[in-house]
Novice: 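Once you've had a glance at the structure underneath, I'll fire off some questions.
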Amino acid sequence: MRRRDFMQSLSTFEERLSVWTTNAMRSVFDLADTEVHLGVSPTNNEKFGDYQCNAAMELARALKKAPRQIAQEFVEAAELPDFVEKIEIAGPGFINFFLTNAALSEYVQALESDPHLGVEQVGEGKTVVIDYSSPNVAKPMHIGHIRSTVIGNAIDRLFRFRGFNVIADNHLGDWGTQFGLMLIGFRNFADEAALKEAPVEELERIYVASYNRSKEDETWRDQAKAELVKLQQGDAENRALWEKFIELSIEEFNTIYERLDVHFDLYRGESFYNDRLPGMIQLLEEKGLAKESDGALIVDLEEDGMPICIVRKSDGGFNYATTDLATVEARVEEFSPDRIIYVTDERQQLHFRQFFSISKKLGMEANLVHVWFGLMRLPEATFSTREGNVIKLAALLDEAEARALEMVKKSSPEMSEEQQKDLAKAIGIGAIKYTDLSQNPQSLVTFTWEKALNMEGNSAPYLQYAYARISSVYDKYHVQYPDMELSDHPIHIEQAIERKLAVKLTRFPTAIQSAAENYRPNILADYLYDLAQIYSSFYQNVPFLKAEEGVRESRIRLCRVTAKVLKQGLSLLGIETRERI
RNA sequence: GCAGCCAUAGCUCAAUUGGAUAGAGCACCUGACUACGAAUCAGGAGGUUGCAGGUUCGAUUCCUGCUGGCUGCGCCA
């Protein structure tokens, strides 16, 4: 109901055309309900127009006619919408649609003034909990954490931009058996000076030392276990120490998050849900889902084709499945989310399938989504804290900023040192994020410095450079023509490259929708890179400041919309732009 | 043993989820700065999409089998 006319004009050509072809197909061929997709999709080649409909080929069997004949009949019978210039039949029966330049211009102009750049606010009134990053307390963040953090954050931003009320929750690993080793280790190995200098690094050193000793020292193991039990029973001294571990860790995590421009609404670790664990077990028993086996309490998932899931250990302790179930319960109670999204690496797939299945059996009203990504490994092997072959995340960020600063000093020597540093941060951090976000999350990633810090070709700096060039042109325009009012001059498409740019701009909302619905930020990254490439070609090949009046304004306006889309798109990936680079 | 994921140009990755001639970047070759910013642009070369079948108008995409790699599978998260 709201803003009906406005929404109408900003719904994408793909949507409008799909509605039209679907209705027209149904009426021309008298198809009440058919499985066949009657809508359109974008073409991958301009010579085939802007959108194509493939229904004729799929309908051939049902209608008992040749595909080209179906297409022919359709084209003859249907009355074209006014935004379509022409319609063509090609190949085995593709129906190709060419949009009018006027409709394209009009749409791009509408984008220019829309704060959401044509992106539908489908999330209005809906809450989504996104659980990402979630590092373990007392362990420094290493390069393996970058994916959950950066991919999770991009999904977070995408959902917010579509109008969802997003609750970004950092589900810290702040509970578990490792704290027994931590407590006893801390009392024996802690170095106060080191703890001041680099708290989490020291905590990690303590953990590794304690872990190593536990391997050969049985009494040490027993003591660790005893300390853990004391902690779990609320012993004041152990509790205080444990809280200190968490506090120090969060403080250090936050300096990283600050650098990455990542912000959470909640930092609720696993321990937050401890009180609910006995109740959860009781619920599982009441529903008849849990049973005893070798002293442990398990849920049999054989009917779902999965191995059993332990919900209470034989020593009476709870484990992660139980915590995760309790967490869902708590989130549903408090937020009534439309869905809960978990962003973790691929190793946890089975675990999520198991506890999603159990939560369904429990009748929990939650739409649970596991967004997994490929594990990051080193060329030699996977890394592990215990092995000690890790690259710290902070070191990666330092290196990125240092390399970017070197470039900035060379290319922008006139800038103040402060400006150069600010710029180097935007470029360096952007490069790291873009590397991760520009590929399918689910592909395996082998870490190399060269790749992580890529600043050439398909990279964040390419996009930032395109943005800065536009800003520069735009400013020069206003200096040279201070009295011109851009809105007096409509966008007018003449050259092929202008049309290509305009078409790409109209597809921004589709890119956002697709990236969000598939939980794949790389779809947006791809789109932006494509857009920047088209823009760069436009920039290099047609004059705008030197063009005649009217044409000049039209092109400047195209520039302005491109800049808006680039800036907004990059910001959804968590990548900053600067007017000058 | 069971299960999940992956295999695309020399390298790193795409391919709008079944569409037309499989696209980019890096590296390589040829051109363009007395130009609105060359962190750029115009062009060239580079492919039996791991292998073998199948499904259909049409397969990188779906199914089966195989090869190779990664990951997970009762008391870690």
Novice: Taking the six-membered ring for Trp, are A/Phe538 and A/Phe544 closer than 6.0 Å centroid to centroid?
Specialist: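 Between A/Phe544 and A/Phe538, which both carry aromatic rings, the centre distance is below 6.0 Å.
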
Novice: Looking at A/Arg268 and A/Asp169, is there a salt bridge between them, counting it only when a charged N and a carboxylate O are closer than 4.0 Å?
Specialist: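 No salt bridge links A/Asp169 with A/Arg268.
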
Novice: Assign A/Ser411 to base, sugar-phosphate, or nothing according to its heavy-atom contacts below 4.0 angstrom with the strands shown.
Specialist: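 Answer is base: heavy atoms of A/Ser411 come under 4.0 Å of a base.
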
Novice: Looking only at side-chain atoms of A/Asn440, point me to the closest of B/A14, B/G19, B/G4.
Specialist: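 When the side chain of A/Asn440 is considered, B/A14 is the closest of B/A14, B/G19, B/G4.
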
Novice: Which nucleotide, B/C41, B/C73, B/U16, lies nearest any side-chain atom of A/Pro42?
Specialist: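 Of all the options, the side chain of A/Pro42 is nearest to B/U16.
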
Novice: With a 6.0 Å cut-off on the ring centroids, do A/Tyr342 and A/Tyr519 count as close?
Specialist: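 Not close enough - the centres of the two rings lie 6.0 Å or further apart.
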
Novice: With a 3.5 Å distance limit and no angle check, can you tell me whether A/Thr322 reaches the backbone of A/Phe318 through a side-chain donor-acceptor pair?
Specialist: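 Judged by distance alone, no pair lies under 3.5 Å.
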
Novice: Quick one: what's the B/S/- string for nucleotides 22-34 of chain B, heavy-atom cutoff under 4.0 Å, read 5' to 3'?
Specialist: --SS---------

Novice: Check whether any side-chain N or O of A/Arg520 sits under 4.0 Å from OP1 or OP2 of B/U17, and answer yes or no.
Specialist: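 No, A/Arg520 has no side-chain N/O under 4.0 Å of OP1/OP2 on B/U17.
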
Novice: Reading RNA chain B from 5' onward, which residue's closest nucleotide shows up sooner: A/Met407 or A/Leu545?
Specialist: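 Nearest-nucleotide comparison on RNA chain B picks A/Leu545.
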
Novice: Under a 4.0 Å N-O cut-off, is there an ion pair linking A/Arg560 with A/Glu553?
Specialist: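 No.
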
Novice: Does A/Ser536 contact B/C41 through a side-chain donor or acceptor facing the base, at a distance under 3.5 Å?
Specialist: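 Absent.
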
Novice: Charged N to carboxylate O below 4.0 Å: is that the case for A/Glu73 and A/Lys65?
Specialist: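 Yes, this pair counts.
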
Novice: So, are A/Arg331 and A/Asp131 salt-bridged, with charged N and O less than 4.0 Å apart?
Specialist: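 So A/Arg331 pairs with A/Asp131 through a salt bridge.
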
Novice: Does A/Phe544 lie flat on the base of B/C36, that is, centres under 5.5 Å apart and planes under 30° off?
Specialist: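 By the stated criterion, A/Phe544 and B/C36 stack.
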
Novice: Once Watson-Crick and G-U wobble pairs under 3.5 Å are found, how is RNA chain B written in dot-bracket notation, 5' to 3', with | for any base paired to another strand?
Specialist: (((((.(..((((.....[...)))).(((((.......))))).....(((((..]....)))))).)))))....

Novice: Does any N or O in the side chain of A/Ser214 come within less than 3.5 Å of the main-chain N or O of A/Arg221, such that one atom is a donor and the other an acceptor?
Specialist: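 Judged by distance alone, no pair lies under 3.5 Å.
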
Novice: Taking the minimum atom-to-atom distance to the side chain of A/Gln439, which one of B/A14, B/C5, B/G19 wins?
Specialist: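 Among the listed nucleotides, the one closest to the side chain of A/Gln439 is B/A14.
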
Novice: Of the listed nucleotides (B/A14, B/G19, B/C75), which one gets closest to any side-chain atom of A/Lys313?
Specialist: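 Closest of the options to the side chain of A/Lys313: B/C75.
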
Novice: So, do A/Tyr465 and B/G37 meet the stacking rule of ring centres under 5.5 Å and planes under 30°?
Specialist: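 A stacking contact does not exist, since A/Tyr465 is not both close and nearly parallel to the base ring of B/G37.
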
Novice: Would you mind telling me which of B/C36, B/G19, B/C41 lies closest to the side-chain atoms of A/Phe94?
Specialist: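 Among B/C36, B/G19, B/C41, the one nearest the side chain of A/Phe94 is B/G19.
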
